[in-house]
2 protein chains.
Amino acid sequence: MRASPQKIQTVTSIGAGPIGGGWTAFFLSRGYRVRAYLHSMDEEPIFRAIIDTAWTSLQQIGLAAGASRDNLIITNDLEQAVTGTQFVQESAPERLEIKQPLYARLGVLVPDDIIIASSTSGLPMTNIQADCPTPGRTIVGHPFNPPYLLPLVEIVGGVATDAAALDWAFDFYLHAGKEPLRLKKEIPGFVATRLQEALWREALHMVANGEASPEDIDRALRFGPAPRMAIQGQCMAFHVACGEGGMATNLDQFGPALKLPWTRLAAPELTKSLRDAMVDGCNEMAGDRSFAEMAAERDRRIVKIIKVCDE
Amino acid sequence: MRASPQKIQTVTSIGAGPIGGGWTAFFLSRGYRVRAYLHSMDEEPIFRAIIDTAWTSLQQIGLAAGASRDNLIITNDLEQAVTGTQFVQESAPERLEIKQPLYARLGVLVPDDIIIASSTSGLPMTNIQADCPTPGRTIVGHPFNPPYLLPLVEIVGGVATDAAALDWAFDFYLHAGKEPLRLKKEIPGFVATRLQEALWREALHMVANGEASPEDIDRALRFGPAPRMAIQGQCMAFHVACGEGGMATNLDQFGPALKLPWTRLAAPELTKSLRDAMVDGCNEMAGDRSFAEMAAERDRRIVKIIKVCDE
C-alpha cells in the first residue's frame, strides 16, 4: 500500500552533482528528511557546497516549517541510503551503463510500493528500467537546472511503468512545491529540453557559420524573446502579440513563413573550431567572475523572476 | 552630412500595427518628436490605443525629459510624414510587394543622408531595397514585440547598404535606449527570430504529433528554461550550469547527444487539425481574459523582469 503523496517525510537523493545536490537542497527546504547517496565520500565537500549555495536562494523563497540542513544523512552505502525511504530521486551520471545496473539494485533494495524517479534529461525510462526487477514504479522526474529554483518537473514512464506510479509522482511533486508536467508520450528529450535543444542546435549552427558569436546569441535572447517567454511561454506570446486575432492570425499570417529557410535542421558537426569558438566566447563573457559568483548572480535574479511570474 | 546620432530630435514611424505603434510610443517616451504615417486615418483609434497601452509601462520604466504623447503628429500623407524627419522607422506589413514600392518612394522623398530602418522580422534588406534609388542608407532595425519594452534591435544591411549607415544606426539605437545587435551576415530570420523559430517549429511538431498541448509547451518553457534564458541567454546558461568545466564540459559531455533525435528538422505541415489544436489551446489558456488584459499583464511583468536583469 503506497503512502499518500502528501504524507511523505523521508526521501532519498542519489548523486553528488549539481542535480543531485540541488534536489537534496530543495527537499530539505520543503521540510523533508533526506538520505543522500554519494558514489564516494570524497564528493561530500562539493556536495555540501552545492547545498549551501542553494540554501541562500531557498531561504529567500521561503523555507517550510521544520526545514533544516540538519535533516540530511550522507552515505556512500546504497542500502543505507534507501533504508526507511518513501521516495527516491535518482540523479546519477547520464549513462545507461551506470543507470541500468543501479536500477537493477534499487529494484531489489527499495520496497516495491516506493516510487523511484530519475532526473535523466534524455534517456528513455524504457531503457533505464530494462534490468529492474520491479519496473512498474520507476518513472522519469526530470527537473531543470538549478533544480532547487526552477519549478518544472517533467514526468513520464517507460513501457513497464504503471499509470498509478505517474499519478502518484504528479501529486507528490505538486505537493512538494514543484510544477509537474505529465508528458503524453515518451519522446527523446521530453518537452522542455527538446524545445531548448532545437534552439541550441540553431545557435551552434550560427556560431559554426560565423553568423553570430556566443555573446550575440545570449544578447539576442536576453534582450529579445526570453523575458517574454519567461512570462508567457511561446504559444501565448504569439497569441497575445497578434491582438484580437490571436493564434489564428499568427498561423494564417506567418504560416507560409514556416517554409522559409529559417533554422537549419540536422545538428552541426562539433568541430574543434566550433568547440573553441563556443568555449572562448563563454570565457570572454564570464571575464573575471568565478563560477560561484555567476551562479549566485543567476540564482538571485531567478528568485526575483519567479516572484514576478507568481504575482 | 549626416546628423550626429545623439542629436536626433524628430523621427518618422511608418505603420499602424503593434510594431509601428510600439515604436511610436517608445520614441515619444524617449523625448523624440514623432511623425507617424498611417495607411488610412481609419486606423488612428487603434493606433492611439496601442500608444496609450504602451505608455503605462513606459512611465514605469521612466520617461526622458520632455517626453510627451503630445509630440506626435499623425498623417496618412507620406510626404508630410517625412518632412523634416531625421530618422525613419518603417513597420509596414511584412510583404515585399508592399515594402519594395514604399522604399522606391521613400528613396526619393527622404533626403539621402537620413537613415531608413525596416522593422521587418524576416525579409532581407537586399530584397526590400531592390527598387530604392538611394539604398545605401536603408537598413534593417528589427525590434522584438512589444518594441516599447524589449530592448533588442537587430541591425543588418543589404548588399547595397553602406557600412557607415549601420554604424550610425547602432549608435542611434544605443543612444535612444535600445540594445542594438549588429549582425555579422544577412541571414534569413536574423539571430533572435531564427532561434525562436527553431523552438517554435519544434513546438508545432509536438502539438501535431499529440506529444504536447500548447499549454504543455508554455508551462514547460515558463517553469523550465525561460527564466534562466531571460537572465543568462543559452550559452552562458550552459556555461554556468556545468560548474568549473563550463562550456567545454558541456560540449564534451553532451556533444554526442547532439546526434540524438532531439528536435525534428523541417517545418511541420500546417494542417487544419494542427491549426485548430494551436488556436483552441491558446483560447483555453486565455479563458475569460481580454487581449488588452493579457497584454497589460505581460507588460507589467516584463517591466519587472527588465528591472531584475538590469540590477
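For clarity, every value in this text was computed on a predicted model and none was experimentally measured. Labels below follow one simple rule: chain letters A, B, ... track the order of the sequence lines, proteins then strands, and each chain is numbered from 1.
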Which heavy atom of [X] sits nearest to which heavy atom of [Y], and what is that distance?
X: B:F223; Y: A:P151; result: O-CD, 3.1 Å
X: B:L181; Y: A:A220; result: CD2-CB, 3.8 Å
X: A:D218; Y: B:C235; result: OD1-N, 2.8 Å
X: A:L199; Y: B:L199; result: CD1-CD1, 3.8 Å
X: A:E202; Y: B:A198; result: CB-CB, 3.9 Å
X: A:P225; Y: B:A192; result: CD-CB, 4.0 Å

Open item on the list: So, using side-chain hydrogen bond (donor to acceptor under 3.5 Å, both in side chains) as the criterion, who are the partners of B:T120 when residues are at least two apart?
Closed with: B:E94
TODO: Please name all residues satisfying salt bridge (Lys or Arg N to Asp or Glu O under 4.0 Å) with A:E179, sequence neighbours left out, ordered by chain then number.
DONE: B:R219
- [ ] To the nearest 0.5 Å, tell me how far A:D216 CG sits from B:L183 CG.
- [x] 7.5 Å
- [ ] Nearest 0.5 Å please: distance from the CG atom of A:L221 over to the CE atom of B:M229.
- [x] 6.0 Å
Open item on the list: So which residue, A:K185, A:K184, A:E186, ends up with the most heavy-atom pairs under 4.5 Å with chain B?
Closed with: A:K184
Task: Donor-acceptor side-chain pairing of A:R228 and B:Q196 below 3.5 angstrom - done: yes
- [ ] For chain A, find which of B:P143, B:G17, B:S213 contributes the most heavy-atom pairs closer than 4.5 angstrom.
- [x] B:S213
TODO: Could you please spell out the steps behind the side-chain contact (heavy atoms from CB on, under 4.5 Å) verdict for B:M206 and A:R194?
DONE: CA-CA 10 Å; B:M206 282 188 202; A:R194 202 167 173 114; 3.4 Å; yes
